[in-house]
Amino acid sequence: MNVVARVRAQIRELVAEAINQARFAGEVTLSRDVSPDEISVERPKDRAHGDWATNAALVLSREARTAPRMLAEAAARHLNLSGTLVERAEVAGPGFINFFLRDEWLIETLRAILAAGPDYGKSRAGEGRRVLVEFVSANPTGPLNVVNARHAAVGDVLSNILMWAGYRVDREFYVNDAGNQVRMLGAAMDVRIRQLLGEDARLPEGAYAGEYLIDVAREFLREHGTAGRPAGPPPWEPAAPANEANSSAPTTKDGERDGAGPASWRTDPEYEAWLSRLARFAVEKFVERQREVLRRYRVEYDRWYFESEIRAAGGPEQVVRRLSDAGHTYRDGGALWLASTRFGDDKDRVLVKADGEYTYVVPDIAYHVNKLERGYDLLIDLLGRDHYGYHVRLKAALSALGFDPQALEVLYLHMVHLVRGGEEVRMSKRRGEIVDMAEFLDEVSVDAARYFFVMRSIDSEMEFDLDLANLKTSDNPVYYVQYAHARLCSLFRQAQESGLDAAGGTLSEAPLERLASEPERDLLRKLAEFPDEVELAALRREPHRMTRYAHEVASAFHVFYTRCRVLGEEAGLTAARLALCAATRQVLANVLGILGIDAPEQM
RNA sequence: GCGCCUAUAGCUCAGGGGACAGAGCGCCGGCCUCCGGAGCCGGGUGCGGAGGUUCGAAUCCUCCUAGGCGCACCA
């Protein structure tokens, strides 16, 4: 247990014990003993209120029918501080008890940091539970965009945080390389190829309009030519030479095309085979590019799981059978439904459409079952806010299959608004105006992108200011933190040049009690919080705590460094301050590591 | 229409029952004979509105207002 956690536990016990003693002495009228668990101990915002404070007296005053202030004073009289890290306690305000620690705890923390080094901040909070974090999972029908970049940063950093907190973590990317959309992809490819060949071809309704497909179509032509392409018209065009007005599909009374998807296409196995070949080619290309840009972004997955795999393994059939066997499905209107309302969903969901196709959720259920069967205790999915509510369906299905729905946790990330020159850059997939992630990374450094995306809490709609992130000089929060690290490295280079022994082991022997000024103590206190912060970030799934913490450490350091001279002071003081600097550099390196951001030795 | 999320400083965002509400950007003014001025110090304004619960509410509850997102035999 780290020093902070130990102190907190100690204070809890002290307070509970003191209240019980006061009760025993007849100074407090409580009908029961108080246990340490119900004592809340927190860090006061104002340092004048000590290192720690408890509101126990406020909370218990009603039950004890005593004024909070009096209750606090009675408890304070019975505090037995001997043998603890608490130096003194005082009652303040409406009835808080404030605790002031002995300096030893800071010194102990500093030694602990130097001893643990790159491991400082790790904990066992996760108890070795196996977690699978699935994130991005973009469709293989185009390049990744800026929203995917947010997901990638958050998912990756969250995974790191969980690892630090003692979970066993794997990262996974689920590729939807099957079903309708892939067929639509093949169709769009076919049209692009025709257009490249100078033929007259129009995209079928609902097809991918993005021009990025043209390049892929060109690659296909270069590598494979048109060999194997059926002679007739594609299945979304009329079989006979068209002489009807202008529609290739029946229209509804609203004038919208009916059956916008492939369900309304002519049956043409030969052409379908061709489309499927085109689709496979495109999927492969896109997945390859996605993998590439993510690698550039420093995100590496343990596994890319393909929907086609789970389909080939018969996953969807099994899911449907098991759900049916369990009596949770029924037929209606030619479709097979899951009675998900029995498990908290607000309506039942279609599993198998009237045309015999699975809905999206079936292979996805199979995939999640597969994850659980691979031995993961916890599944975390990162989804876009536009999928909100999907977890209810998925959890319902898992419950129906006899799994604990609590094993699945779905986090929804909000939107990203790109801003350039004070104006929002519009991102519309339908109009094909995707803000490509690779192009985005040409403009913004990976460090800045990751930092900015993680900086915001996941359920806040965020604005990404390209101009700010682009600033390679100042005013950029990323550089503020990195600069602190570089500055420290520079300091140690100079220490070495002047022959000082700045090794960790030697440093912890320094007279650390000399670190007595406010900037020094503030910095140390901040460093002491690290394990707590990591643990909180993990348990609450709040990666943005890490960027905030990194900034706070950098700030505390810059203050210290401005006010306290390190080199050239009296030997003992220099050694002590070097120890503090070494610890700071270590913490910065660790937190930057979690963020997947470079910790530069010079800038 | 129903459901969920959001509303905090001029702007972008933290804080999610505690003691005077924070940071960055922007603006104004200071600080280098010396370890990196990509730094430090100082200066101003704010919890969308109205009720309620509580010793105590930015935080919890209700209503209202304004945004966003869902409510597919799409993925």
Side-chain angles (χ1 to χ4, degrees), chain A residues 40 42 44-46 48-49 53 55 57-59 61-62 67-69 92-96 98 137 139 141 176 179-182 184 206 260-261 263 307 332-337 346-347 349-361 363-364 384-390 392 412 414-415 417 419 422 452 455-457 459-465 467-468 471-484 486-495 498 519 544-545 547-548 551-552 554-555 557-569 574 577-578 581 602-603:
Chain A
S40 124
E42 48 193 54
K45 273 179 281 188
D46 186 340
H49 296 139
N55 61 357
L58 283 314
V59 174
S61 76
R62 175 185 286 262
R69 183 90 202 184
F96 291 100
N98 295 334
S137 296
N139 287 330
T141 52
N176 296 119
N180 253 343
Q181 59 165 349
V182 170
M184 294 305 287
E307 182 183 347
D332 185 44
L336 184 73
W337 294 72
D346 54 2
K347 58 194 292 188
R349 307 290 173 175
V350 170
L351 295 176
V352 185
K353 295 185 266 181
D355 65 5
E357 290 286 324
Y358 294 116
T359 55
Y360 176 83
V361 73
D364 205 28
R385 192 68 179 67
D386 53 342
H387 290 83
Y388 191 81
Y390 183 68
V392 180
Y412 293 96
H414 276 229
M415 306 284 141
H417 300 286
V419 174
F452 273 63
M455 191 163 56
R456 307 306 187 199
S457 67
D459 50 19
S460 105
E461 206 165 301
M462 69 168 286
E463 200 162 281
F464 193 109
D465 188 334
D467 303 320
L468 179 61
L471 288 182
K472 294 234 164 38
T473 48
S474 61
D475 303 335
N476 191 328
V478 195
Y479 293 101
Y480 182 80
V481 177
Q482 291 182 316
Y483 176 59
R487 230 178 167 184
L488 280 158
C489 291
S490 164
L491 174 74
F492 279 99
R493 280 192 296 269
Q494 290 184 43
S498 43
H544 72 276
R545 284 177 170 274
T547 48
R548 206 191 46 199
H551 194 274
E552 286 170 359
S555 172
F557 165 71
H558 285 310
V559 171
F560 155 77
Y561 204 62
T562 303
R563 307 247 305 264
C564 303
R565 174 103 202 148
V566 178
L567 301 180
E569 292 287 315
T574 287
R577 286 183 173 165
L578 271 177
C581 286
Q602 51 191 13
M603 295 172 71

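We use all heavy atoms of the structure for the numbers below, so side chains are in, but hydrogens, waters and symmetry mates are not. Sequence lines set the chain letters: A, B, ... in the order given, protein chains first and strands last, and positions in each chain run from 1.
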Taking [atom1] from [X] and [atom2] from [N], how many angstroms apart are they, rounded to a whole number?
| X | N | atom1 | atom2 | result |
| --- | --- | --- | --- | --- |
| A:Asp346 | B:rG1 | CG | C1' | 14 Å |
| A:Lys45 | B:rA19 | NZ | C1' | 8 Å |
| A:His558 | B:rA23 | NE2 | P | 16 Å |
| A:Tyr388 | B:rC4 | OH | P | 8 Å |
| A:Glu461 | B:rC5 | CD | C1' | 10 Å |
| A:Met462 | B:rG24 | CE | C1' | 13 Å |
| A:Leu488 | B:rA38 | CG | P | 15 Å |
| A:Gln482 | B:rG39 | CD | C1' | 15 Å |

Have a look at [X] and say if it touches a base, only the backbone sugar-phosphate, or nothing, with a 4.0 Å heavy-atom cut-off.
| X | result |
| --- | --- |
| A:Ala53 | base |
| A:Ala495 | nothing |
| A:Gly333 | base |
| A:Cys489 | nothing |

I'd like the [atom1] distance from [M] over to [N], given in whole Å.
| N | M | atom1 | answer |
| --- | --- | --- | --- |
| B:rA38 | B:rG3 | C1' | 48 Å |
| B:rU12 | B:rG26 | P | 15 Å |
| B:rG46 | B:rU54 | P | 30 Å |
| B:rA57 | B:rG49 | C1' | 16 Å |
| B:rC28 | B:rG10 | C1' | 15 Å |
| B:rG15 | B:rU6 | C1' | 16 Å |
| B:rA7 | B:rG39 | C1' | 35 Å |
| B:rG18 | B:rU59 | P | 11 Å |

In terms of base orientation, is B:rC32 syn or anti, with the syn window spanning 90° either side of 0?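 Judged by the O4'-C1' to base torsion, B:rC32 sits in syn, the angle falling within 90° of 0.
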
Compare the minimum distances between each of [options] and the side chain of [X], then state the nucleotide with the smallest one.
| X | options | answer |
| --- | --- | --- |
| A:Arg385 | B:rC5, B:rC73, B:rA38 | B:rC5 |
| A:Arg565 | B:rC35, B:rA19, B:rG36 | B:rC35 |
| A:Gln494 | B:rA14, B:rC73, B:rG36 | B:rG36 |
| A:Val559 | B:rA19, B:rC69, B:rC40 | B:rC40 |
| A:Thr562 | B:rA19, B:rU12, B:rG39 | B:rG39 |
| A:Arg456 | B:rA23, B:rU12, B:rA75 | B:rU12 |
| A:Ala335 | B:rA19, B:rC73, B:rA75 | B:rC73 |
| A:Gln181 | B:rC55, B:rA75, B:rA19 | B:rA75 |
| A:Pro94 | B:rG18, B:rG36, B:rG70 | B:rG18 |
| A:Ser490 | B:rA14, B:rC73, B:rG36 | B:rG36 |

Report yes or no: is there a donor-acceptor pair, N or O only, under 3.5 Å between the side chain of [X] and the base of [N]?
| X | N | value |
| --- | --- | --- |
| A:Asn55 | B:rG18 | yes |
| A:Arg493 | B:rC35 | no |
| A:Asn98 | B:rA19 | yes |

Any donor-acceptor pair under 3.5 Å linking the side chain of [X] with the backbone of [Y]?
| X | Y | result |
| --- | --- | --- |
| A:Ser555 | A:His551 | no |
| A:Arg493 | A:Ala495 | no |
| A:Thr574 | A:Val566 | yes |

With a cut-off of less than 4.0 Å, is there a side-chain N or O of [X] near OP1 or OP2 of [N]?
| X | N | answer |
| --- | --- | --- |
| A:His544 | B:rG15 | yes |
| A:Ser460 | B:rA14 | yes |
| A:Lys347 | B:rA72 | yes |
| A:Ser457 | B:rA14 | yes |
| A:Tyr480 | B:rC40 | yes |

With stacking defined as ring centroids separated by under 5.5 Å and planes differing by under 30°, is [X] stacked against [N]?
| X | N | value |
| --- | --- | --- |
| A:His387 | B:rA75 | yes |
| A:His49 | B:rA19 | yes |
| A:Tyr483 | B:rG36 | no |
| A:Tyr561 | B:rC35 | yes |

Do A:Phe452 and A:Pro477 touch side chain to side chain, with heavy atoms closer than 4.5 Å?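 They are in contact (side-chain heavy atoms under 4.5 Å apart), so the answer is yes.
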
Looking at side-chain heavy atoms only, is the closest gap between A:Glu461 and A:His417 below 4.5 Å?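 Yes, at least one pair of side-chain atoms sits under 4.5 Å.
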
Both distances below 3.5 Å, Watson-Crick or wobble geometry, any strand: find the nucleotide opposite [N].
| N | answer |
| --- | --- |
| B:rU45 | none |
| B:rC40 | B:rG30 |
| B:rG22 | B:rC13 |
| B:rC69 | B:rG3 |
| B:rC60 | B:rG52 |

With under 30° as parallel and over 60° as perpendicular, where do the rings of A:Tyr390 and A:His387 fit, or are they tilted in between?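 Perpendicular.
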
Of all heavy-atom pairs between A:Val350 and A:Val361, which one has the smallest distance, and what is that distance?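 Smallest interatomic distance, heavy atoms only, reads O-CG1, 4.3 Å.
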
What closest approach, in Å, do A:Ser61 and A:Ala67 show between heavy atoms, and which atom pair accounts for it?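 Looking at all heavy atoms of both residues, the shortest contact is CB-C, 4.4 Å.
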
Starting at the 5' end of RNA chain B, which residue's closest nucleotide do you reach first, A:Gln602 or A:Ala92?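 It is A:Ala92, whose closest nucleotide lies nearer the 5' terminus.
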
I want to confirm an ordering. Mapping A:Arg62 and A:Phe96 to their closest nucleotides on RNA chain B, which one lands closer to the 5' end?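 Counting from the 5' end, the first nearest nucleotide belongs to A:Phe96.
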
Between the side chains of A:Gln181 and A:Asn139, does any donor sit under 3.5 Å from an acceptor?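 On atom types as modelled, these side chains qualify, holding a pair under 3.5 Å.
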
Are the aromatic ring centres of A:Tyr561 and A:Phe557 under 6.0 angstrom apart?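 For A:Tyr561 and A:Phe557, the ring centres are under 6.0 Å apart.
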
